[in-house]
Amino acid sequence: MDSQDDAGTRAERPFVKMHGLRNHFVVFDRRADRRAFTRADIVRICDPQVGVGGDQLLTVERPSPEATAAGALAGMRIFNIDGREVSACGNATRCVAHLLMEESGKDALVLETKGGMLTCRRTGAMDVSVELGPIGRDWRDFPLSHEVDMADLPVESGPLRHGMGLWIGNPHAVFFVDDLSAVDLARDAAPVHDNPLFGEGVNVGVAQLMDDHTIRLKVWERPGIATQACGTGACVAAYAARKKGFTTSERFTVHLPAGPLEIEIHGTTAIMSGPVAYCCRGFVSAETVYDFD
């Protein structure tokens, strides 16, 4: 990624658009150009009708002094289509890691995120793995409106019952069903996302275990969209399959609508491997920008 010395005096902002299994991201480099986008700008840029179009807007940041001392090459911030900042996205991490590996010539690096320090590795010309976690079940991390049994959430919607609440830098509710093809996310998963228990919403994963190491998965993501792929959702689905006693496997292939991700579970850590791809490069006009540092 190329940062321009005079970027701060320009109205236009350079971007790279990438996707990981059709999970689309608009990426901006803030290491030299310190301007940031308003919430309205983020919404506009992510809207395919009036902007670039994407599932999230990402910014590459200078790492904090503490992260630099710990070996981080850069930082990353993640914003949903409603402009709200979130802490984790596996597919986004792979895309940004690939950009930084191409820039630096490294085959491995550490990214600083609000969800923690993430180790990323090149696993192919256009494939990246990232270590995510720890995966936890503390109800206060979500946060929930009140304490509940995270292993058996008191929320039901159609065939979605006995869900497990899991935190991996962002909140997930994972439900296993007998027939994934019979589930309509807008009908069945959206009411879970909107349940008052989840004050800030929740990513709703609906999974079907095909055998002891193969999972089919669909995810209704915050703030309320059905995405083609969800990396953190794939990780927690594999973790939940083990925790529920459905399998003892540590390696999974998770099939999402756009394609498969390879997941390894080691304790509370997940290693996710999958492809990245370029969409386009260009410029956007940011008429209202400010520095949020």
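We're numbering straight along the sequence, starting at 1. As the structure is a prediction and not an experimental result, all values here were calculated from the model.
Shown are V96, L100, L99, V60; of these, the side chain to side chain contact (heavy atoms under 4.5 Å, CB included) with D29 is made only by V60.
Residues satisfying the side chain to side chain contact (heavy atoms under 4.5 Å, CB included) test with H19, not counting sequence neighbours, are R22, H24, A277, C279. Listed by chain and number, the residues in a side-chain hydrogen bond (donor to acceptor under 3.5 Å, both in side chains) with E85 are R77 (sequence neighbours excluded). In terms of the side chain to side chain contact (heavy atoms under 4.5 Å, CB included) criterion, residue partners of A151 (sequence neighbours excluded) are, by chain and number, R137, D149, M164. In this structure, the side chain to side chain contact (heavy atoms under 4.5 Å, CB included) partners of S64, at least two apart in sequence or on a different chain, are E66, A67, E112. Residues meeting the side chain to side chain contact (heavy atoms under 4.5 Å, CB included) test with V43, sequence neighbours left out: none.
For K17, the NZ atom counts as densely surrounded, since its 6.0 Å shell holds more than 12 non-hydrogen atoms of other residues, nucleotides or ligands. Crowding of R251 atom CZ: a count of heavy atoms from other residues, nucleotides or ligands under 6.0 Å not exceeding 12. Shown here is R140, whose CZ atom has no more than 12 heavy atoms of other residues, nucleotides or ligands within 6.0 Å. Heavy-atom neighbours of D178 CG from other residues, nucleotides or ligands within 6.0 Å: at or below the threshold of 12.
The existence of a salt bridge linking R44 and D47 is excluded, since no basic side-chain nitrogen approaches an acidic carboxylate oxygen closer than 4.0 Å. Of the charged side-chain nitrogens involved, none lies within less than 4.0 Å of a carboxylate oxygen, so that D107 and R121 do not count as a salt-bridged pair.
Within the 4.5 Å cutoff, the side chain of F28 has no heavy atoms near those of the L58 side chain. A 4.5 Å side-chain heavy-atom check between F15 and C280 finds at least one atom pair inside the cut-off.
Nearest approach of I42 to N80, heavy atoms of both residues: CG2-O, 3.6 Å.
Residue pairs meeting the ring pair (Phe, Tyr, Trp, His ring centres under 6.0 Å) criterion with at least one partner in residues 161-184, sequence neighbours excluded, are F176-F246.
Seen from the ring of F25, R94 does not count as a face-on cation partner, given the 6.0 Å and 45° thresholds.
Criterion: ILVMFWY side-chain heavy atoms under 4.5 Å apart, direct or through other members. Under it, M210 and L261 are not part of a common hydrophobic cluster.
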